[in-house]
Participant: 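Mind having a look at this structure? Questions to follow.
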Amino acid sequence: MRIRNRRWLLAERPLGRPILHSDFRWDEGDVDAAALEEGEVLVRVLHLSVDPAQKGWMENVADYVAPTALGEVMRAYGIGQVVVSRAAGMGVGDMVLGYLGWQDYAVQPAAELERIDGDGPLLAHLGILGLTGYTAFFGLNRIAKPFPGDTVVITGAAGAVGLVAGQLAKLAGCHVVGIAGGEDKCRWLVEEIGFDAAVDYRAGPIRKQIRPLVPNGIDVLWDNVGGPTFDNLLPLIATHARVVVCGAIAIYSESSLPPGPSHYMNLVFRRARMEGLIVFDYKEEFPWAYKRLAKWLAEGRLKAPEDVVHGLDQAPAALLRLFEGRNRGKQILSLDAQN
Ligand SMILES: NC(=O)c1ccc[n+]([C@@H]2O[C@H](COP(=O)([O-])OP(=O)(O)OC[C@H]3O[C@@H](n4cnc5c(N)ncnc54)[C@H](OP(=O)(O)O)[C@@H]3O)[C@@H](O)[C@H]2O)c1
């Protein structure tokens, strides 16, 4: 049985520059379901996670993920449903998570997929009940270790990870200030999500804007963006501050490395700690994080806004939304065409 398959292939590597539509090539062909090998399944792709890390995968620079080759299907993590199975223990109709890619159908070894058994909302498995949630959960609990009353500042606060990190810090009893692009996003963070305050980094010098909101300094600085925003927050850290380096989207498209955080000596003056985070280091512990996040979500103590773009043809545009600051919450691409 042959099934029509549409897909996006990686055509160019966006090294040292922004992603362009021409970095991807549309391709149509078919998959032969009869050619599945023992242990493989054919999965219909339903929903895909849209992540800043995909730019790094396209560039092939990170050493903690498998390499990508030009001409391969664009890598993406997502949710699908098994339509044909030649694998023991995985049946037709099973919902699965895995690196399915920008395509309608994926042939995968069942061993590389994870069956969705949890009862949380389906899309949340790509966000708050998935890698996004685990990043915030372990970054906060293992690196930031916030105390009640701490002042926590989060950059990229209206994005997927930032929103979860901010809400978890609120649950831990902290005073939480978010930094995001635009007045609307900032108002939304306070009025809808429950942050104590939010600052628009595009509205003026960040340090001047945030200083009155953190009179005793920043105990936990969670950075998703890097660049000048991060550099200008370092002078405001409190004694024994914890600085969590989660990502640096502001520099992912730069043609040269940034000059470095010029205020790093403040780490010495404040006896502070700065530590990087890779979510996969906590893989063994994902199940207990899932249980807690799912409980808090079900109880309404956490919110999980999703920003869904529809249609496989929209995949490059959905990825660009992250770099244009157009998403609010977790960016998802659903393959159904309707809006
Ligand atoms: N270390 C890990 O294990 C791990 C895991 C997952 C994610 N991450 C990192 O965490 C960060 C957030 O990821 P996410 O999935 O939650 O994405 P996201 O925050 O939902 O989306 C990206 C956001 O970044 C902001 N942004 C884009 N360009 C910017 C710029 N030049 N300066 C400042 N802000 C900019 C935009 O918000 P504004 O409108 O506010 O500008 C945009 O909405 C990324 O750096 C990602 O690489 C790390």
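Computed from a predicted structure; not experimentally measured. As the structure lists them, so they are numbered: ligands from 1, and atoms in each ligand from 1.
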Participant: Please list, in number order, the atoms of ligand 1 under 4.0 Å from a heavy atom of A180.
Facilitator: 40 (O)
Participant: Does an N or O from L277, backbone or side chain, lie closer than 3.5 Å to an N or O of ligand 1?
Facilitator: yes
Participant: Tell me whether ligand 1 is touched by N327 - counting only heavy atoms on the residue side and a distance under 4.0 Å.
Facilitator: yes
Participant: Measure the distances from the heavy atoms of K185 to every atom of ligand 1 and state whether one is below 4.0 angstrom.
Facilitator: yes
Participant: Is a salt bridge present between K145 and D219, judged by a nitrogen-to-oxygen distance below 4.0 Å?
Facilitator: no
Participant: Can you check whether K330 has an N/O within less than 3.5 Å of an N/O in ligand 1?
Facilitator: no
Participant: Suppose we measure from atom 32 (N) of ligand 1 to each protein heavy atom; which comes out shortest, and what is that distance?
Facilitator: A250 CB, 3.5 Å
Participant: One residue to check: V161. Relative to ligand 1, which of side chain, backbone, both or neither has a non-hydrogen atom less than 4.0 Å away?
Facilitator: both
Participant: List the steps, then state whether side-chain hydrogen bond (donor to acceptor under 3.5 Å, both in side chains) holds for T155 with N224.
Facilitator: CA-CA 6 Å; T155 64; N224 287 320; 4.9 Å; no
Participant: Ring-plane angle category for F24 and W102, please: parallel below 30°, perpendicular beyond 60°, tilted otherwise.
Facilitator: tilted
Participant: Checking the side chain of R44 only, and the main-chain atoms of Q81 only, is there a donor and an acceptor separated by less than 3.5 Å?
Facilitator: no
Participant: Classify the contact between A157 and ligand 1 as side chain, backbone, both or neither, using a heavy-atom distance cut-off of under 4.0 Å.
Facilitator: neither
Participant: Evaluate the salt bridge (Lys or Arg N to Asp or Glu O under 4.0 Å) criterion for residues R242 and D150: first the C-alpha distance (whole Å), next the side-chain angles of each, then the deciding distance (0.1 Å), finally the verdict.
Facilitator: CA-CA 11 Å; R242 285 81 68 204; D150 272 358; 2.8 Å; yes
Participant: Check whether any side-chain heavy atom of Y105 lies under 4.5 Å from a side-chain heavy atom of L100, and answer yes or no.
Facilitator: no
Participant: Would you check if E12 and I19 make a side-chain contact, meaning some heavy-atom pair closer than 4.5 Å?
Facilitator: no
Participant: Which heavy atom of the protein is the closest neighbour of atom 11 (C) of ligand 1, given with residue, atom name and distance?
Facilitator: N224 OD1, 3.5 Å
Participant: Is it true that R4 and E28 make a salt bridge, defined as a side-chain N closer than 4.0 Å to a carboxylate O?
Facilitator: yes
Participant: With heavy-atom distances below 4.0 Å as the criterion, list the atoms of ligand 1 near V225.
Facilitator: 33 (C), 34 (N)
Participant: Taking only Lys NZ, Arg NE, NH1 and NH2, and the carboxylate oxygens of Asp or Glu, determine whether D200 and R202 approach each other closer than 4.0 Å.
Facilitator: no
Participant: At what distance, to the nearest 0.5 angstrom, does OH of Y201 lie from CG of N232?
Facilitator: 14.0 Å
Participant: Specify the protein heavy atom at minimum distance from atom 13 (O) of ligand 1: its residue, its atom name, and the distance to 0.1 Å.
Facilitator: P52 CG, 3.6 Å
Participant: Among all protein heavy atoms in this structure, tell me which lies nearest to atom 3 (O) of ligand 1, with the distance rounded to 0.1 Å.
Facilitator: V279 N, 2.8 Å
Participant: Answer side chain, backbone, both or neither: which part of R202 comes under 4.0 Å from ligand 1, heavy atoms only.
Facilitator: side chain
Participant: W222 pairs by side chain to side chain contact (heavy atoms under 4.5 Å, CB included) with which of I143, V176, V245, V161?
Facilitator: V161
Participant: Among all protein heavy atoms in this structure, tell me which lies nearest to atom 33 (C) of ligand 1, with the distance rounded to 0.1 Å.
Facilitator: Y201 OH, 3.3 Å
Participant: In terms of residue, atom name and distance, what is the protein heavy atom nearest to atom 35 (C) of ligand 1?
Facilitator: I249 CG2, 3.6 Å
Participant: In terms of atom number and element, which parts of ligand 1 are under 4.0 angstrom from non-hydrogen atoms of I278?
Facilitator: 3 (O)
Participant: Quick one: does ligand 1 sit under 4.0 Å from the side chain of F323, the backbone, both or neither, non-hydrogen atoms only?
Facilitator: backbone
Participant: Under 4.0 Å, counting heavy atoms only: does A158 come that close to any atom of ligand 1?
Facilitator: no
Participant: Any idea which atoms of ligand 1 are less than 4.0 Å away from a heavy-atom of A160?
Facilitator: 16 (O), 18 (P), 19 (O), 20 (O)
Participant: Hydrophobic clusters here meaning ILVMFWY residues chained together by side-chain heavy-atom distances under 4.5 Å, can you tell me if F137 and I193 are in one?
Facilitator: yes
Participant: Determine, using heavy atoms of C246 and all atoms of ligand 1, whether some pair is separated by less than 4.0 Å.
Facilitator: yes
Participant: What protein heavy atom sits nearest atom 40 (O) of ligand 1, and how far off is it?
Facilitator: G181 N, 2.8 Å
Participant: What atoms of ligand 1 come closer than 4.0 angstrom to any heavy atom of A248?
Facilitator: 45 (O)
Participant: Check each heavy atom of T135 against ligand 1 and say whether those closer than 4.0 Å belong to the side chain, the backbone, both or neither.
Facilitator: side chain
Participant: Give a yes or no on whether the backbone of G127 and the side-chain of E306 come within a donor-acceptor separation of less than 3.5 Å.
Facilitator: no
Participant: Looking only at heavy atoms of F280, does any of them come nearer than 4.0 Å to an atom of ligand 1?
Facilitator: no
Participant: Starting from atom 36 (C) of ligand 1, locate the nearest protein heavy atom and write down its residue, its atom name and how far away it is, to 0.1 Å.
Facilitator: G325 CA, 3.5 Å
Participant: Decide yes or no for Y252 and F323: does some side-chain heavy atom of the first lie under 4.5 Å from some side-chain heavy atom of the second?
Facilitator: yes
Participant: Return the CD1 to CD1 distance between I210 and I179, rounded to the nearest 0.5 Å.
Facilitator: 3.5 Å
